[in-house]
2 protein chains.
Amino acid sequence: MPDTEYTNIWMRPERPARGPRPAYSRAQITEAAIRIADAEGVEAATMRRIAAEIGAGAMSLYRYVPSRDDLTELMADHLMGEIGLEDVPTGDWRADLRLYADQMRAMWLRHPWIATVNRSLPGYGPHQLRLIEQVMGVLDALVPIDENLALMAILNGYVEGAARDEVAAAEEIRRSGLSEEAWEARNYPYLQRILESGRYPIFTKIAMDARQPRLSRDDQFRHGLDRVLDCIETALPQPAED
Amino acid sequence: MPDTEYTNIWMRPERPARGPRPAYSRAQITEAAIRIADAEGVEAATMRRIAAEIGAGAMSLYRYVPSRDDLTELMADHLMGEIGLEDVPTGDWRADLRLYADQMRAMWLRHPWIATVNRSLPGYGPHQLRLIEQVMGVLDALVPIDENLALMAILNGYVEGAARDEVAAAEEIRRSGLSEEAWEARNYPYLQRILESGRYPIFTKIAMDARQPRLSRDDQFRHGLDRVLDCIETALPQPAED
DNA sequence: CTCCACTGGGTATGATGTACGCAGAAAGCG
DNA sequence: CGCTTTCTGCGTACATCATACCCAGTGGAG
């Protein structure tokens with residue numbers, strides 16, 4: 001029973017020394033699972049379906065991955081690998097953090113199902129670790145480590161929150177099987193009821209007066225991000241003089 | 001087939017006019033489900049278990065709630081009702097937003113399973129709507145509605161992100177069935193391997209040098225929150241003079 | 001008083017993650 | 001080179017889940 005000792009998917013060696021060559025690999029399985037989740041929704045990425053995708057039997061996957069939860073962990077970490085910050089830090093911290101934020105959001109939109117994967121914190125897979133190094137490396141020379149942590153909490157909170165909202169709406173629409181317009185038309189009566197009740201003046205103000213909801217998603221994100229970066233700037237010691 | 005017309009759990013009337021008195025109610029079912037999820041984890045709150053909790057047969061629940069997803073929506077909105085901001089705004093926006101943030105975080109910690117419920121955005125249940133009114137009412141008189149939206153995105157992002165991190169760790173420990181100390185001891189080898197690899201200097205700096213991870217969770221949250229509130233302050237027009 | 005739209009709930013179904021066991025393959029050892 | 005050991009892929013089996021369907025009984029509307 002060697003299983004008991006490994007607390008973590010990252011501690012478990014992929015291949016033992018003896019025996020026949022494995023026909024597949026963790027990476028292959030992980031990528032197949034991501035492909036299915038992207039194309040058909042995370043609920044379609046069942047163990048059987050993933051196995052079929054790579055031409056294996058259902059139970060074969062368990063030779064590579066101890067459980068579905070661990071596969072999920074592999075999937076989540078693989079996604080972090082899609083964030084490319086090779087040339088960071090460039091010296092322009094604002095551009096660096098914006099690049100990070102934009103890439104992160106784009107990744108969320110490519111893989112909306114990541115919102116349902118909440119085992120985020122204790123993962124610390126290799127790609128996530130690399131990303132921490134790169135992102136926190138941007139401000140590392142400018143502020144103490146505690147300050148850096150606090151600022152990154154704000155930035156990550158904003159990016160993830162914004163991405164989560166976008167993705168929640170998109171997933172709701174996808175799951176309904178309707179077009180975006182049809183979905184909005186279908187929900188219109190409820191919206192109307194809220195507005196007509198007169199009990200939600202601020203909600204009404206948002207729906208009627210705000211420019212924000214009428215901007216493109218990209219612009220909405222960018223506006224909020226600018227605010228966050230301004231906030232970070234005020235926390236930096238002696239910002240660059242003109 | 002009246003089912004087809006209701007797009008939303010909030011549009012569907014709880015009780016029809018005719019027929020015998022229902023023995024239970026949506027509120028009763030929702031509260032039972034929350035009680036189970038709190039005590040035994042969200043995975044224990046199955047339809048059968050919830051039905052058993054209130055002394056009903058499994059299928060009886062479907063007389064009150066069209067599907068498990070809708071029940072989840074009811075549960076999530078019920079939680080928003082736990083945030084009490086009756087006396088807000090008090091005139092001290094900073095105190096008001098801090099009260100909101102603290103209550104929100106406390107609610108997350110009471111009900112960690114909310115992290116797994118991601119159908120957040122298009123819900124707009126009654127409690128969520130009321131909360132939007134109260135929270136956004138704090139700054140409504142001070143800033144334009146678009147500004148208010150942007151600032152709330154930052155605040156909510158921080159609060160939710162911080163709560164999500166705390167909850168993810170707590171849930172991971174709970175699910176392992178170990179004590180916090182035993183869980184940490186179990187994970188120690190992996191942490192050690194990361195540090196010893198020498199490839200993650202900033203991660204190492206966080207683990208070794210930062211004060212932050214050694215503060216209480218409450219203090220960590222408060223520190224970050226102060227930063228966010230500072231950020232909001234700089235965005236307000238002519239902050240109150242001394 | 002009669003009718004029928006309701007009620008609670010038993011049974012059944014299809015899907016899921018995964019435990020178990022088996023036949024065959026290949027690496028280590030003599 | 002043959003034997004043993006340790007692996008491989010994978011078919012079968014099972015517990016558990018949400019939920020479709022059905023039925024007998026009930027109580028408000030006419």
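Reminder, nothing fancy here: chain letters follow the sequence lines and each chain counts from 1.
Panel note: side chain R105(B), backbone A162(B); no donor-acceptor pair is recorded below 3.5 Å. Q103(A) places a side-chain N or O within 3.5 Å of a backbone atom of G84(A) that can act as its donor or acceptor partner.
For the residue pair R217(B) and A169(B), the shortest heavy atom distance occurs at NH2-CB, 4.1 Å.
The side chain of Y62(A) contributes no N or O atom lying less than 4.0 Å from OP1 or OP2 of dC7(D).
Between L61(A) atom CG and dT8(D) atom C1' the separation is 14 Å, expressed in whole Å. The distance between atom CE of M47(B) and atom P of dA15(C), rounded to the nearest whole Å, is 20 Å. Remark: P of dG17(C) and CZ of R49(A) are 13 Å apart, rounded to the nearest angstrom. Whole-Å rounding puts the D69(A) CG to dT18(C) C1' distance at 12 Å. One interatomic measurement links the two molecules: CZ of R21(A) to P of dT6(D), which rounds to 20 Å at whole-angstrom precision. Atom-to-atom, CD of E43(A) to P of dA15(C) comes out at 14 Å; the value is rounded to the nearest Å. To the nearest angstrom, P of dA12(C) lies 13 Å from CZ of R48(B). For R68(B) and dT19(D), the CZ to P distance is 8 Å, given to the nearest whole Å.
Using a 4.0 Å heavy-atom criterion, one finds that S60(A) contacts the bases of the nucleic acid, with or without backbone contacts as well. At a threshold of 4.0 angstrom between heavy atoms, the contacts of A51(B) with the nucleic acid are absent.
L109(A) CG to I114(A) CD1: the interatomic distance, rounded to the nearest 0.5 Å, is 11.0 Å.
Judged by closest nucleotide on DNA chain D, P20(A) is the one of M59(B) and P20(A) placed further toward the 5' end. Nearer to the 5' terminus of DNA chain C, by closest-nucleotide assignment, is the contact made by A58(A) (compared with the other of A58(A) and R63(A)).
Under the 6.0 Å cut-off for aromatic ring centres, Y124(A) and Y190(B) do not qualify, their centroids lying 6.0 Å or more apart.
Here dG9(C) is the nucleotide among dT7(C), dG9(C), dT18(C) with the atom lying nearest to any side-chain atom of A56(B).
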